[in-house]
Participant: 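Pasting a structure here, questions to come.
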Amino acid sequence: IEDEYVQPYKVYDSSMQTAYIDKAEIAGELAEGIAKGELQVYYQPVVDVKTGQIASAEALIRWHHSEKGFLSPGFFIPALEESGHISELDDYVIHQVSDFLMDRYHAGKNVVPVSVNLSWMDFYDEKIMEDILDECKNNDLEEKLIRLEVTETSYAAMGESRNSILESFRTEGVKIMMDDFGTGYSSFGMLQQYNFDIMKIDMSFIRQIETNPKTKSMLRFLIDMAHEMGIYIVAEGVETEVQADFLKKSHCDYIQGYYYYRPIPQEEFRKLLDEM
Ligand code: C2E
Ligand code: CA
Ligand code: CA
Ligand code: CA
């Protein structure tokens with residue numbers, strides 16, 4: 001497996017990138033980049049703590065720009081949001097993931113649910129939300145293979161009026177995941193107000209498992225509380241054995257992080273699924 005972050009970090013140190021690449025210019029090149037096949041969906045497998053098997057995956061976009069080199073999503077996603085182009089990207093990712101999963105599903109091959117990231121802006125584009133719902137409904141499983149990740153801050157940015165859209169997805173059997181839990185201003189308010197199925201604990205907490213005893217107490221409490229509410233937990237950004245062991249002992253359901261798998265290209269993910 002290629003160590004995708006070793007080389008790119010050197011090449012695209014984010015401060016350098018913002019100095020040389022104009023955000024608006026990049027956003028304007030999205031359609032062309034998609035047409036030229038420069039944007040690829042990578043998949044990061046998520047492991048079931050109990051079995052050690054791949055339980056699901058997260059779709060993460062990568063842009064290998066023909067002139068500007070490897071662009072980090074941390075850079076171009078905000079650029080696409082500022083310019084209003086983000087929904088084109090999210091729509092593209094959903095279709096790529098859906099095609100990949102459905103081809104395998106209909107061929108009787110192994111599949112796992114794959115979650116895609118949505119921007120709060122997508123919820124203001126009715127056509128795109130309808131399209132996404134159609135793609136989600138594409139399989140006859142009761143629990144749909146495509147899941148939606150919405151960050152805690154996106155929930156806050158959308159406000160309550162948009163939440164009915166997420167509820168209509170849930171009615172169709174689409175699992176909703178709250179991403180980056182714990183990074184917003186009222187995480188507990190979110191828990192009270194909104195219904196979701198899976199909670200992703202932000203990696204900033206995982207980082208502190210080894211150093212901060214308070215973080216460990218918080219995580220244990222958070223996991224128990226979520227379970228009581230019928231919510232499953234994914235720990236994000238797990239990089240060490242110590243972190244993984246602590247999470248296992250604390251009854252965390254799923255682990256995502258470099259300790260198990262990095263985001264990998266579709267071809268590699270295909271091989272992993274075939275070997276399952
Ligand atoms: P995110 O949704 O929180 O995704 C998790 C990020 O953590 C990914 O960064 C992933 O590669 C990285 N990661 C996973 N495991 C580890 C680990 O063990 N250690 C460390 N240090 N990092 C880990 P990535 O791929 O650079 O994506 C950054 C953000 O860009 C994502 O954060 C997400 O908010 C956004 N993004 C990515 N793809 C899409 C997309 O298709 N649509 C939208 N709207 N946003 C996207
Ligand atoms: Ca399709
Ligand atoms: Ca995510
Ligand atoms: Ca996250």
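In listed order, ligands and their atoms are each counted from 1.
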Participant: Using a 4.0 Å cutoff against the non-hydrogen atoms of Arg62, which atoms of ligand 1 qualify?
Facilitator: 11 (O), 24 (P), 25 (O)
Participant: Heavy-atom distances under 4.0 Å are what count here, so tell me which part of Met203 touches ligand 1: side chain, backbone, both or neither.
Facilitator: side chain
Participant: Any idea which atoms of ligand 1 are less than 4.0 Å away from a heavy-atom of Pro263?
Facilitator: 11 (O)
Participant: Which residues satisfy the ring pair (Phe, Tyr, Trp, His ring centres under 6.0 Å) test with His65, sequence neighbours excluded?
Facilitator: Trp63
Participant: So, Lys200 side chain and Phe181 main chain: donor-acceptor pair closer than 3.5 Å or not?
Facilitator: no
Participant: Around Lys50, counting heavy atoms of other residues, nucleotides and ligands shown, do more than 12 lie under 6.0 Å from its NZ?
Facilitator: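 Count not over threshold, so no.
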Participant: Salt bridge or not between Asp202 and Arg207? Use side-chain N to carboxylate O under 4.0 Å.
Facilitator: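 Result for this pair is no, no salt bridge flagged.
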Participant: Is a salt bridge present between Lys127 and Glu130, judged by a nitrogen-to-oxygen distance below 4.0 Å?
Facilitator: no
Participant: Mind checking the CG-CG spacing from Leu273 to Leu101? Nearest 0.5 Å is all I need.
Facilitator: 8.5 Å
Participant: Answer side chain, backbone, both or neither: which part of Asp179 comes under 4.0 Å from ligand 1, heavy atoms only.
Facilitator: side chain
Participant: Any idea which atoms of ligand 1 are less than 4.0 Å away from a heavy-atom of Asp90?
Facilitator: 40 (C), 41 (O), 42 (N), 43 (C), 44 (N)
Participant: Just jot down the ligand 1 atoms closer than 4.0 angstrom to any heavy atom of Val93, in number order.
Facilitator: 41 (O)
Participant: Give a yes or no on whether Tyr259 atom OH has more than 12 heavy-atom contacts from other residues, nucleotides or ligands under 6.0 Å away.
Facilitator: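 Yes, the 6.0 Å shell around OH holds more than 12 heavy atoms from other groups.
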Participant: Distances under 3.0 Å only: what protein N/O/S atoms are near the Ca ion (ligand 3), ordered by chain and residue?
Facilitator: Glu58 OE2, Asn117 OD1, Glu149 OE1, Asp179 OD2
Participant: Between ligand 1 and Glu239, can you find any atom pair, the residue atom being a heavy atom, that is separated by under 4.0 Å?
Facilitator: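 Right, Glu239 reaches ligand 1.
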Participant: Output yes when the distance from some N or O of ligand 1 to some N or O of Ser72 is under 3.5 Å, and no in every other case.
Facilitator: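 So ligand 1 has no N or O lying under 3.5 Å from an N or O of Ser72.
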Participant: With heavy-atom distances below 4.0 Å as the criterion, list the atoms of ligand 1 near Gln44.
Facilitator: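 Close to Gln44: 14 (C), 15 (N).
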Participant: How many angstroms lie between atom CD of Glu88 and atom CG of Asp125, to the nearest 0.5 angstrom?
Facilitator: 9.5 Å
Participant: May I ask you to check if ligand 1 and Tyr259 share an N or O to N or O distance below 3.5 Å?
Facilitator: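 N/O-N/O distance under 3.5 Å: no.
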Participant: List ligand 1 atoms under 4.0 Å from Glu58, heavy atoms only on the residue side.
Facilitator: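 What qualifies from ligand 1 is 2 (O), 4 (O).
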Participant: One thing to verify: whether Glu267 and Arg270 come together as a salt bridge, which I'm taking to mean a side-chain N less than 4.0 angstrom from a carboxylate O.
Facilitator: yes
Participant: Kindly indicate whether a cation-pi arrangement holds for Arg162 with Tyr124, taking the cut-offs as under 6.0 Å to the six-membered ring centre and within 45° of the axis.
Facilitator: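 Yes, cation above the ring, under 6.0 Å and within 45°.
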Participant: Say whether, by atom type as modelled, one donor and one acceptor occur between the side chain of Tyr92 and the main chain of Leu39 under 3.5 angstrom.
Facilitator: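 Confirmed, Tyr92 side chain pairs with Leu39 backbone.
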Participant: Pick one of side chain, backbone, both or neither for how Lys200 approaches ligand 1, counting any non-hydrogen atom pair under 4.0 Å.
Facilitator: neither
Participant: Among Thr153, Val150, Asp180, which residue places a heavy atom closest to atom 3 (O) of ligand 1?
Facilitator: Asp180
Participant: Could you check whether the rings of Phe100 and Tyr43 sit parallel, tilted or perpendicular, using 30° and 60° as the cut-offs?
Facilitator: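 Tilted: the ring planes of Phe100 and Tyr43 meet at 30° to 60°.
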Participant: For ligand 1, does Ile61 get within less than 4.0 Å through its side chain, its backbone, both, or neither, judged by non-hydrogen atoms?
Facilitator: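 Both the backbone and the side chain of Ile61 come within reach of ligand 1.
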Participant: Is Asn195 reaching over with its side chain to a backbone N or O of Glu167, donor-acceptor style, under 3.5 angstrom?
Facilitator: no
Participant: Tell me which part of Glu236 gets within contact of ligand 1: side chain, backbone, both or neither, using heavy atoms under 4.0 Å.
Facilitator: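 Under 4.0 Å from ligand 1, Glu236 contributes side-chain atoms alone.
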Participant: Rounded to the nearest 0.5 Å, how far apart are CD1 of Ile255 and CG of Leu247?
Facilitator: 5.0 Å
Participant: Which atoms from ligand 1 have a heavy atom of Gly257 less than 4.0 Å away?
Facilitator: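 That gives atoms 15 (N), 18 (O) of ligand 1.
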